[in-house]
Amino acid sequence: MSNDLIEELRFEKDSNNIIAGHESDRNSLPIMRYRDHILYSLEIASTVIVVGETGCGKSTQIPQILYEAGWNFQDKVIAVSLPRRIATISLAMRVSQEMRVKKQVSYKIRFDDKTSNDTKIKFITDGALIREIMCDPLLTQYSVIMVDDAHERSIYTDLLLSLLKKIKVKRKDLRVIISSATIDAESYAEFFHDKGENIQILSIEGRTYPVDVYYLEEPCADYIKKAAETVKNIHESQPRGDILVFLTGQEDIHLFLQSLQDTSGLEGLPLYSGLSTEKQMEVFSSHHSGRRVIASTNIAETSITIEGICYVVDCCFVKAKIYNPASNTEYLNVIPISKAQASQRAGRAGRIRPGKCYRLCTESAFINLQESSVPEILRSDLTSTVLFLKSLGIRNIPNFQFIDQPNKTSVVKALEVLYSLGAIDDFGELTKTIGYQIAEFPIDPRFSVMLLNSCKDEFHCSREMLEIVSMLSIQNLFSGKGIENALWTKRKLGAKEGDHICLLNIFENFNRIQNFQERKRFCQEHKLSMRALQRAYQIKEQLYRIMGKFKCKIVSCDGDVEGILRCLVTGLFANAAQRNPNGTYKTVKGDQLFYLHPTSILGALKPPWVVFTEVIQQDKPYICEVSEIDADWLSELAPHYFSDTRAMQLQIQHRRLQNVAQ
DNA sequence: GAGCACTGC
């Protein structure tokens, strides 16, 4: 197991009560009363929907019940799929401890497949199971697949449910259990209900404590201020017990904690994913004086459980990804939470004794909130999703049955992007040349195109491109706070050609060091995240193996940066932009206006032509990870995109001349 | 000229 995962798991052990002892007596769990009912339902129906709160024991007990009842006939495997890695590992460990067996219970996540021929119960992430469908479209090794936490509605969960519905048509013996914490069971039942098929719904009571909910009398304008007031009130008037405050982002969290600094007897702690693991761990430390106030983002809603919380203060907002199909861009926005999210957040107060939840909105405002959050698939760029479905041979994507049908415009946008990348042809079929190969890489299709091209003699830089693409696939590379920090590191290790070459240099410097301790020192010195760089290394290894499978040559350009930059253009051509006289940038097609992100190494130079990797929407739309290019490369390397009309060529020519004149 | 919710292959 990687160090990264050991660390994450230790974290999980302390943070999640799945492992804690108080559930050790199996037979006291509510779920055990439903044992016969569950088994009977599986005999008479091929789809069973189980509704039950977190903590009722369904994720740990149902697989054991099935195992004991002999659902492993003919060497088939019982699978439980979950949205997140940590939950997958900890469930596997918990169940294998309970059953006192080692080999029969195992897990599989990306980069870490612990399963073998002896595995009978297999915990797996939704994404990993989706990947298995690519090799084994009917999932023939499984007798039962339990899709756990389906209410979270991640893209992979939705895709999995859609595909299972199709698989069940051909595999009459397969059983599907959908497990959800909310009462949207009817919509799943409706989705799976086909040709009079029998579907069973089971509701299982939870075992958490009641939580009293309070609302504001008057709406408030400033929820950070109101949250601080509420916390002080709780502190003065309520019995002991820690307070969990839900806010939207790290800036909110720090403002909030500052305003609490002078209150005696309160210990404020921030919690968000951008924090280093050590900082996050402080939330689970048992050494503290007085009452703790944990100010958290949404990470505490599902991913992390903190013991000892008796009070929840909820600002009733969340920062969520929004997708704009018109411009094919994703961005973050603060939006009101749904009622389902609100009750999940409130439930965090009732884990050790009856708790209290203070919502920072009026009751009438609350009643107007949406019942449940918009599923991820409805607010995402669908390029990878559509490509994946194409690779499974699903031709008519607009007619493919999703639980919630994505916007037609999003599907069309995805098809356009795939066409421009050469992944699909005029008929919408995956191209024989590169279409299937692009689909196989677990990365952005634009990056796959760059990787595949980098082996060609023309570019001759696949070693470098592997490293760049891996670095583009990680988050939170810079561990310290501040734009200055990122820029400082980039200047120290970077290159004038742009941010992509900076990433390459950072990776190569890190990778040259063999010794673990020295690597750690290097990261501290350069304010880089060790975790992020190790992950980049793992991704590189995985991509390397896939390239080997396709017989792609791994070659180095030996410092010839131009080959790399040209190769970037073959994937990122749609993100080519030209500088305006005022220093902003405009995309060549679409004429969208962007600002260079302050962490870009190109901030000082502002070259006339660039390609960028992504856009982030803050107060202004910023382009990130930017490199300098030559305008001539565009029509040369992406003629299908830029020279579909002669006018476009003339326009580029014209703009070039303008530029020379400036 | 100035700060980014959370997952996952």
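Please read all numbers here as calculations on a predicted model, not as lab measurements. Chain letters run A, B, ... following the sequence lines, proteins first, then strands; residues in each count from 1.
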Exercise. What's the CD-P distance between Glu330(A) and dC6(B), to the nearest Å?
Worked result: 16 Å
Exercise. Quick one: Asn580(A) CG to dG1(B) P, roughly how many Å, whole number?
Worked result: 14 Å
Exercise. Among dC4(B), dC9(B), dC6(B), which is the nearest nucleotide to the side chain of Tyr272(A)?
Worked result: dC6(B)
Problem set entry | Check: His254(A) ring centre within less than 6.0 Å of Tyr272(A) ring centre | yes
Problem set entry | Gap between atoms CG and P, on Leu387(A) and dC9(B) respectively (whole Å) | 18 Å
Seminar exercise, completed: Checking dC6(B), dG8(B), dG1(B) against the side chain of Ser303(A) (C-beta onward), the nearest is dC6(B)
Problem set entry | N or O in side chain of Gln250(A) less than 4.0 angstrom from dA5(B) OP1/OP2 | yes
Exercise. Taking the side chain of Leu487(A) as heavy atoms from C-beta outward, which of dT7(B), dG1(B), dC9(B) is closest to it?
Worked result: dG1(B)
Seminar exercise, completed: Separation of dC9(B) atom P from Arg84(A) atom CZ, nearest Å, is 12 Å
For this session: Check every strand shown and say whether Thr297(A) touches a base, only sugar-phosphate, or nothing at a heavy-atom separation below 4.0 Å.
Result: sugar-phosphate
Seminar exercise, completed: Side-chain atoms of Lys620(A) come closest, of dC9(B), dT7(B), dA2(B), to dA2(B)
Problem set entry | Nearest-nucleotide 5' precedence on DNA chain B, Glu251(A) against Glu376(A) | Glu251(A)
Exercise. With a 4.0 Å cut-off on heavy atoms, is Arg131(A) in touch with a base, just the backbone sugar-phosphate, or nothing at all?
Worked result: base
Problem set entry | Residue Ile299(A), side-chain atoms from C-beta onward, closest of dA2(B), dC6(B), dC9(B) | dC6(B)
For this session: Please state whether the rings of Tyr537(A) and Phe507(A) are parallel, tilted or perpendicular, taking 30° and 60° as the class boundaries.
Result: parallel
Exercise. Of all the nucleotides listed (dT7(B), dC9(B), dA2(B)), which has the minimum atom distance to the side chain of Tyr622(A)?
Worked result: dA2(B)
Problem set entry | Value in whole Å for how far the P atom of dC9(B) lies from CE of Met134(A) | 14 Å
Problem set entry | Tyr107(A) and its side chain to side chain donor-acceptor pair (under 3.5 Å) partner, picked from Thr119(A), Thr88(A), Thr115(A), Asp112(A) | Asp112(A)
Exercise. So, Gln542(A) and Arg110(A): side-chain donor and acceptor under 3.5 Å apart, yes or no?
Worked result: yes
Seminar exercise, completed: Result for side chain to side chain contact (heavy atoms under 4.5 Å, CB included) between Ile133(A) and one of Leu163(A), Leu164(A), Leu159(A), Leu138(A) points to Leu163(A)
Exercise. Among the nucleotides dA5(B), dG8(B), dC6(B), which one has an atom lying closest to any side-chain atom of Arg85(A)?
Worked result: dG8(B)
Exercise. Looking at Arg379(A), Arg153(A), Lys165(A), which hits salt bridge (charged side-chain N to carboxylate O under 4.0 Å, His left out) with Asp158(A)?
Worked result: Arg153(A)
Problem set entry | Closest nucleotide among dA2(B), dC9(B), dA5(B) to the Lys321(A) side chain | dA5(B)
Seminar exercise, completed: Leu477(A) atom CG is separated from dG3(B) atom P, nearest whole Å, by 20 Å
For this session: Tell me which of Pro442(A) and Asn298(A) sits closer to the 5' end of DNA chain B, going by the nucleotide each one is nearest to.
Result: Asn298(A)
Problem set entry | Presence of Thr302(A) side-chain N/O under 4.0 Å of dC6(B) phosphate oxygens OP1/OP2 | no
Problem set entry | Touch class at under 4.0 angstrom, heavy-atom based, for Gln475(A) against every strand present | base
Exercise. Does a nitrogen or oxygen in the side chain of Thr248(A) sit under 4.0 Å from OP1 or OP2 of dA5(B)?
Worked result: no
Problem set entry | Nearest-Å distance for atom pair CD/P, residues Gln617(A) and dA5(B) | 14 Å
Exercise. Lys319(A) side chain: which of dG8(B), dA5(B), dC6(B) is closest?
Worked result: dA5(B)
Problem set entry | Distance in angstrom units between Leu543(A) CG and dG8(B) P, rounded | 18 Å
